[in-house]
Asks: 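Structure incoming, see below.
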Amino acid sequence: MALLTPEDLENINRQLQEADSTVRRVTGLDIKGVCKDFYGMTPCCEKVGIVPVTSGNGIIGNFSGSLHVITEYFGFDSFVTAMPDVSGYYEAVRNGARIILMADDNTFLAHNLKNGKIANNQPCTGRIYAEIASRYLKADSKDVLVVGLGKVGFPGAAHLVNKGFRVYGYDSDKALLEKTVSDLGITLFEPENPRKFSIIFEATPCADTVPEFVISENCVISTPGIPCAISRELQEKYGVELVMEPLGIGTASMLYSVL
Ligand code: NAD
Ligand code: 2YG
Ligand code: MG
């Protein structure tokens, strides 16, 4: 799995503000507004304990610090523990944390200790980016192209199907693509039969995965995938509304889902 780098997380507050402006232009609501509508909950100053984890590839510079900024941005009262791992977990609970946020190389979770709800970053990220895409106010139809059907893309695609969208799926892994098309009852997107979309949801770890022939003027590309799904040049050429941010939108989705 591709891990975040400290550089991805530089200026997280500014990245969040920029993403918020785009989400507002695209949906008419800010990220908080979309989360509130989607989950039917609002934070009430729940105390969040952020526990750094040293296992595997170890602590990522800016990761816990960014989670601190993000949680406060969305109205939670949060703190990063001084100790990592089990000692940090103990410290978080002893200091009154109601929600624990922590990640190793495979799992990033939010656990609400009061109501027992637990969330995983991948499906929560997929659903919220798909939800934002689905709310595009200027969409020309209910057709959506989904590029990347893995741990983030699959739950996003499933969410769009449940919302009544016509989902066209594409993944470079042919076996996974065929299985997903059959499991979700979506349409297999064939690059040999090109067409344009006003809503695109992308979730791959690769760059430039959205080809020019699918991009319509002023389309939305809602993409948690890092690095970016399209070049700056194509973004400007077609006036693409790009919803892309490395950590905050997915974390907000996790936190709202455990309230
Ligand atoms: P994954 O490996 O489970 O799935 C990725 C899928 O993309 C795979 O099925 C793969 O076959 C497909 N793929 C790769 N290259 C492709 C291409 N050129 N065209 C079409 N499909 C292609 O990974 P994941 O856990 O779903 O994560 C996807 C991306 O989202 C990663 O970059 C991850 O770091 C990122 N992510 C971002 C956030 C966020 O908050 N922004 C949160 C979680 C994950
Ligand atoms: O506590 C730490 O600093 C580290 N143990 C965090 C490790 C996180 C690893 N996960 C990732 O880099 C991401 N693929 C998942 C984070 C979701 C946002 N992109
Ligand atoms: Mg995110």
Side-chain angles (χ1 to χ4, degrees), residues 1-24 30-35 39 43 45-85 87-89 91-92 95-112 118-129 132 151-152 202-203 205 222-229 242-259:
M1 94 139 45
L3 299 180
L4 284 167
T5 67
E7 293 71 40
D8 291 330
L9 300 171
E10 265 167 21
N11 285 313
I12 195 70
N13 195 56
R14 206 192 61 217
Q15 295 196 56
L16 260 179
Q17 285 177 22
E18 285 174 10
D20 233 346
S21 318
T22 314
V23 171
R24 244 181 264 121
D30 60 9
I31 301 163
K32 269 188 195 170
V34 175
C35 287
Y39 290 110
C45 290
E46 283 80 3
K47 210 166 179 184
V48 178
I50 299 158
V51 183
V53 172
T54 63
S55 73
N57 283 285
I59 286 173
I60 295 176
N62 292 336
F63 187 77
S64 293
S66 295
L67 290 180
H68 185 50
V69 171
I70 290 162
T71 43
E72 300 272 328
Y73 184 94
F74 288 107
F76 295 83
D77 174 18
S78 69
F79 63 97
V80 179
T81 58
M83 296 296 290
D85 306 327
S87 304
Y89 188 98
E91 182 187 331
N95 284 305
R98 287 292 172 268
I99 299 176
I100 301 291
L101 270 186
M102 59 185 185
D104 66 12
D105 294 348
N106 296 307
T107 304
F108 172 22
L109 66 79
H111 190 188
N112 187 327
I118 191 160
N120 180 307
N121 176 258
Q122 290 152 336
C124 288
T125 299
R127 284 185 211 112
I128 198 71
Y129 276 84
I132 290 166
K151 294 179 287 296
V152 174
E202 192 266 9
S222 185
T223 174
I226 302 167
C228 189
L242 187 66
V243 179
M244 188 183 88
E245 183 280 329
L247 187 60
I249 298 177
T251 303
S253 178
M254 295 164 73
L255 290 168
Y256 274 77
S257 81
V258 300
L259 290 177

Asks: May I ask you to decide if Asp8's main-chain N or O and Gln15's side chain share a donor-acceptor pair within less than 3.5 Å?
Replies: yes
Asks: Any side-chain to backbone donor/acceptor pair from Glu91 onto Ala82? Under 3.5 Å, distance only.
Replies: yes
Asks: Looking at every non-hydrogen atom in both residues, tell me the closest pair between Val53 and Ala103 and how far apart they are.
Replies: CB-O, 3.2 Å
Asks: Shortest non-hydrogen contact from Asp104 to Ser55?
Replies: CB-OG, 3.6 Å
Asks: Please give me the minimum heavy-atom distance between Thr251 and Asn121, naming the atom from each residue.
Replies: N-ND2, 4.3 Å
Asks: Is the closest side-chain heavy-atom distance between Leu242 and Cys228 below 4.5 Å?
Replies: yes
Asks: Just verifying a value: how many Å separate Asn62 CG and Leu4 CG, rounded to the nearest 0.5 Å?
Replies: 10.0 Å
Asks: Once rounded to the nearest 0.5 Å, what's the spacing between atom CE of Met254 and atom CD of Gln122?
Replies: 9.5 Å
Asks: Once you round to the nearest 0.5 Å, how far does CD1 of Ile70 lie from OG of Ser78?
Replies: 10.0 Å
Asks: Scan Ser257, Cys35, Pro224 and name whichever one has a side chain to side chain contact (heavy atoms under 4.5 Å, CB included) with Ile128.
Replies: Cys35
Asks: When rounded to the nearest 0.5 angstrom, what is the spacing between CD1 in Ile99 and CD1 in Ile50?
Replies: 11.0 Å
Asks: Any pair with a residue in residues 64-85 that passes salt bridge (charged side-chain N to carboxylate O under 4.0 Å, His left out), sequence neighbours left out, goes on the list, sorted by first then second residue, please.
Replies: none
Asks: Could you report the tightest heavy-atom contact between Tyr256 and Lys32, atom names first, then the distance?
Replies: OH-CG, 3.6 Å
Asks: Side chains of Met83 and Val51: does their closest heavy-atom pair fall under 4.5 Å?
Replies: no
Asks: Does some side-chain heavy atom of Tyr73 sit less than 4.5 Å from a side-chain heavy atom of Asp20?
Replies: yes
Asks: Would you check, one step at a time, whether the test side-chain contact (heavy atoms from CB on, under 4.5 Å) holds for Leu3 with Asp105?
Replies: CA-CA 7 Å; Leu3 299 180; Asp105 294 348; 3.9 Å; yes
Asks: Indicate yes or no: at least one non-hydrogen side-chain atom of Lys47 is less than 4.5 angstrom from one of Phe79.
Replies: yes
Asks: With a 4.5 Å cut-off on side-chain heavy atoms, are Gln17 and Asn13 touching?
Replies: yes
Asks: Roughly how far apart are Glu202 CD and Ser222 OG, rounded to 0.5 Å?
Replies: 10.0 Å
Asks: Taking the side chain as every heavy atom from C-beta outward, state whether Leu9 and Leu247 have any pair of such atoms under 4.5 Å apart.
Replies: yes
Asks: For Pro52 versus Ile59, what's the shortest heavy-atom pair and its separation?
Replies: CB-CD1, 3.9 Å
Asks: Mark yes or no for whether Ser253, through its side chain, and Ile249, through its backbone, hold a donor-acceptor pair below 3.5 Å.
Replies: no
Asks: When you check the side-chain N and O atoms of Tyr89 and Thr81, is any donor under 3.5 Å from an acceptor?
Replies: no
Asks: What is the distance from atom CZ of Phe74 to atom CG of Leu16, rounded to the nearest 0.5 Å?
Replies: 5.0 Å
Asks: Do you know which two heavy atoms are closest between Thr223 and Met244, and how far apart they sit?
Replies: O-CG, 3.3 Å
Asks: Are Tyr39 and Leu259 side-chain neighbours, meaning at least one heavy-atom pair lies under 4.5 Å?
Replies: no
